[in-house]
Amino acid sequence: MHTITSKFGKAAAWFLITMIVMSFAAWGIGDVFRGHVDNAVAKVGAVKIPYDEYRETLHAETQKFQSAFPAGTMTDAMKAEISSETLNSLIRQKLLAQEISRLRIAPEDKDLVKIISGNPAFRDEKSGFSPERFKEFLARAGKSESTYLGELRRDLGFYLLMQSLTADRSVSEFELGKLYAISEQRRTAEIAYIPIEYNRRGEPSSEAELSAFYESHKQYFAIPETRDVSYMIIDPTRAVKIAITDAELHKEYERRKQEFSTPETRDLGNVIAKDEATAKDAYEKLKAGRDFHKLTGVKISLVKKARKDSLAPTNLADSAFMLENGGVSAPIKSPFGWHVIKVLGIYPPHVPGFEEVKGKLQAEMERASAGEAVNKFIQAIDDEAASGAKAEEVAKKFSLDLKKALRLKRGNVNPGKLETTKAFLDAAFSTPAGLASNVFGTAGGKYALVYVDSVQSARIPDFKDIQKEISDAYAREKAVEVAEKIANELAAQKDFKALAAKSINLEATTLDSIKSDYHDKNLPPEFIGEIFRLKENETTKPYRLENKFVVARLVAVKQFTGKSDTAALAKLKSTMAEKNMDDLITEYFEYLKTRYPVRIYKDAMKTAQ
C-alpha cells in the first residue's frame, strides 16, 4: 500500500466508510479524518468476499486511477498496489460490519429520517421535504427505498462505531506545550570528518602477512558460480490464433455494455466549514456570484469528473448530483462538518458504440478462448524438451527464436531484464547442465524455456593469481581501521577544532543552532537523532559514511523560552491528534482480525485481475 497511500491519504482515512477509503481524499475530506473455495477471494470471520464483488470493486478503483494517469503510464507495481488496497478496503468493511452486528449498534429510524429530511436535494421550493424528489432520486440512482435506507443505516453505523472509538483523542495542553518546546529547541554541535585515505595505511610487513590476510578473507575473493544458457521466449498470442466471429463479439458487447459505459460525472467544488453559520455565509456569497476560490475561513476542495458512487458520505453525493450546472447547494451537515457544494461542470453518461470497444473486446475474448489451446501448446514444448530434444530442434519445430545468455550469476536479479528476473535465474540455476528446465511464466503473459549449456563452478582463485587484488583489499581494510581509530580517539577529545588544526586532512565544521527536524542529505538521520539525545560536551559514536567517518560533540543547548507561534502550535496539535488516531485505528483493525480471522485466497485474486 506504500506508493498509492503516500499519494492519496493516511491510515485515518479509514475513519468512516472503509470500502470507499480512496474517495475521501478525492472529495477533499481525507485530511479531516484520518486455495480458492466457493468463488470467494477472501474470508473474514464468517463472511466471504465473493469473487464478483472484488472484481467489480477492483475494476471501478482501477478506472478511477487510470483517469488520473496518462495512457500506459500505470506501472505493474501501481496496479498491484491498487489491487491490494481494494482487497484491504473490502476486508475492513467486513470487519466493521461484523463488529457492528456483535455490538448491536443499530441507528434508530428517527436518525435516518433526520438525515433524509435534512438533505437539500430532497426539499421543495418551500424548504420542506419532498417525497416526489426523493422518489425521483431513487429512480435516477436505480435503487429501491429499502436499499438506500440500508446503505444509509450501514454508513451511520460505521460512523457511530468509529466515533465511539476515537472520542477524546485530543492532545492535552501540557503534552502539546512540552512537544512544542522540544520541537523548537536548538542545538549547536561541532562536527569532525575523518577521511578514509589509502595513503594512510599499514603495508604488510611480509608476503606471509599478506597470505594470512588472504586465508582469513578467502570468501571475499570468491568467484561465484556462473552459467551459460540458451533460451526461448514463448508468446501464446503469436503461437495460438483464435478466431472470434462478429456475431460472438456483438453478443458479448450486449452482455457487457453496462461495464463499458461511463456514468454521468461532474466537476464539483466543495466548501467545508466548521459551523452552520460559516457555511450559510459561504452559500450566500456563492449564490451572489462570489468567485469560488476567493472564499475565506473555509476549506475548499475541487473534484474533477467525479462519479456519484465515488463520493462520500451519501447525503453529500445525493445533493451534488441533484443540482443543475452552476447550482449551489444549501448548507449540508455531515460527520466532517458543514458543506456547500457548487457544480462546476456536468459530463453526461456515455455508452460506447460497438466499434469503439470492438478491438478491446476481441483481444479479451481471444485471450480467454486461447487458454486451453495455449496449455496444449506449452505442454507440447515441455514434452519435446523433456524427451531429450536439443534447444535448436525445439526452436525449429515450434518456430521460436533461440537466444543466449552468458555468465549468469544467481544473485544478479534485475526485474527490468528477462534474463535477470528471479523466475529466469531460478530456472537456470535449478536445472542440471545439459538439460532443459520446465516451461515457466514470465512478465506480460509470456513463457520461457531454458537450456543450461555449461556451468562454471564457484571457486576461490589461488593466492599468486590475485596477489595485487589481495594487496589492494588489505590496504582498504587498513585504511578504514586507521580512520576509525582516529574517529574513536577524537570522540574522547574536548576540542575538535584544535585537534583538526594538528591533524592532516581532518575537516571540522559546526552545525549551528539546528532543530530536531534538521536534514542534511550527507548525514545519516540517526546521527542527527543522536545529537539530540546528548548532554552538553558529550560526543556521538563515530558514524561510517561512504569514504569517511563523522563524529559530533554537543556544544550548547538553547531551550525554547519564547511565545508559541499560534499557527505552528495548531499544526502540531493537528499532527499529533491525527497520529494518535492513525495509531488507534491501525491497532483497532489488527484487534478485529484476531476476533474475525482473515484468510485470503490468492489464486482467486489472480483470476479476478
Side-chain angles (χ1 to χ4, degrees), residues 72-80 218-242 363 366-367 370-462 464-466 468-470 472-473 606 609:
T73 62
M74 282 188 67
T75 64
D76 289 341
M78 291 169 67
K79 292 176 183 176
K218 270 189 175 182
Q219 293 306 314
Y220 177 84
F221 304 105
I223 298 174
E225 175 187 317
T226 60
R227 295 193 170 205
D228 297 341
V229 304
S230 300
Y231 68 95
M232 290 154 265
I233 299 174
I234 306 160
D235 186 345
T237 60
R238 292 180 57 189
V240 180
K241 296 295 182 184
I242 302 296
E366 284 177 352
R367 281 198 298 270
E372 186 176 349
V374 167
N375 288 338
K376 289 181 179 179
F377 181 68
I378 297 299
Q379 188 61 52
I381 296 174
D382 243 344
D383 292 344
E384 188 72 16
S387 71
K390 295 181 179 179
E392 294 79 4
E393 295 170 343
V394 173
K396 183 177 180 180
K397 181 173 181 177
F398 295 97
S399 301
L400 303 173
D401 292 333
L402 187 62
K403 300 182 179 184
K404 296 279 187 181
L406 306 178
R407 298 299 188 267
L408 290 176
K409 294 181 182 179
R410 185 190 292 271
N412 285 6
V413 177
N414 177 8
K417 188 177 181 182
L418 172 64
E419 299 94 314
T420 51
T421 58
K422 185 177 184 304
F424 192 97
L425 292 174
D426 284 348
F429 280 85
S430 62
T431 302
L435 299 181
S437 70
N438 292 325
V439 175
F440 59 92
T442 69
K446 296 181 181 180
Y447 298 83
L449 175 67
V450 171
Y451 276 82
V452 178
D453 299 328
S454 62
V455 175
Q456 298 79 41
S457 299
R459 64 188 181 88
I460 298 176
D462 290 338
K464 292 183 178 180
D465 293 336
I466 57 168
K468 184 180 184 306
E469 289 90 332
I470 298 170
D472 287 343
K606 291 178 182 177
Q609 296 170 37

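Just so you know, these numbers come straight off a predicted model, no measurement behind them.
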Stepwise, does the side chain to side chain contact (heavy atoms under 4.5 Å, CB included) test hold for Met232 with Phe398? CA-CA 10 Å; Met232 290 154 265; Phe398 295 97; over 6 Å; no
Side chains of [X] and [Y], heavy atoms from C-beta outward: is any pair under 4.5 Å?
X      : Y      : value
Lys417 : Phe424 : no
Arg410 : Leu425 : no
Val229 : Glu419 : no
Ile233 : Asp401 : no
Ile460 : Gln219 : yes
Asp228 : Gln456 : yes
Ile234 : Ile381 : yes
Lys404 : Ser230 : yes

Testing Leu418, Leu400, Leu449 for side chain to side chain contact (heavy atoms under 4.5 Å, CB included) with Tyr231, which one passes?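 Passing option: Leu418.
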First locate atom [atom1] of [X], then atom [atom2] of [Y], and finally report the distance between them rounded to the nearest 0.5 Å.
X      : Y      : atom1 : atom2 : value
Thr431 : Asn438 : OG1   : CG    : 7.5 Å
Thr226 : Lys409 : OG1   : NZ    : 7.5 Å
Lys464 : Ile470 : NZ    : CD1   : 12.0 Å

For residues [X] and [Y], report the shortest heavy-atom separation together with the two atoms involved.
X      : Y      : answer
Ala389 : Tyr451 : O-OH, 2.6 Å
Asp382 : Ser437 : OD1-O, 4.3 Å
Val455 : Ala433 : CG2-CB, 3.8 Å
Ala385 : Ala436 : CB-CB, 4.0 Å
Ala428 : Leu408 : CB-CD1, 4.3 Å
Pro432 : Ser430 : CD-O, 3.9 Å

List the steps, then state whether side chain to side chain contact (heavy atoms under 4.5 Å, CB included) holds for Phe440 with Val450. CA-CA 9 Å; Phe440 59 92; Val450 171; 3.8 Å; yes
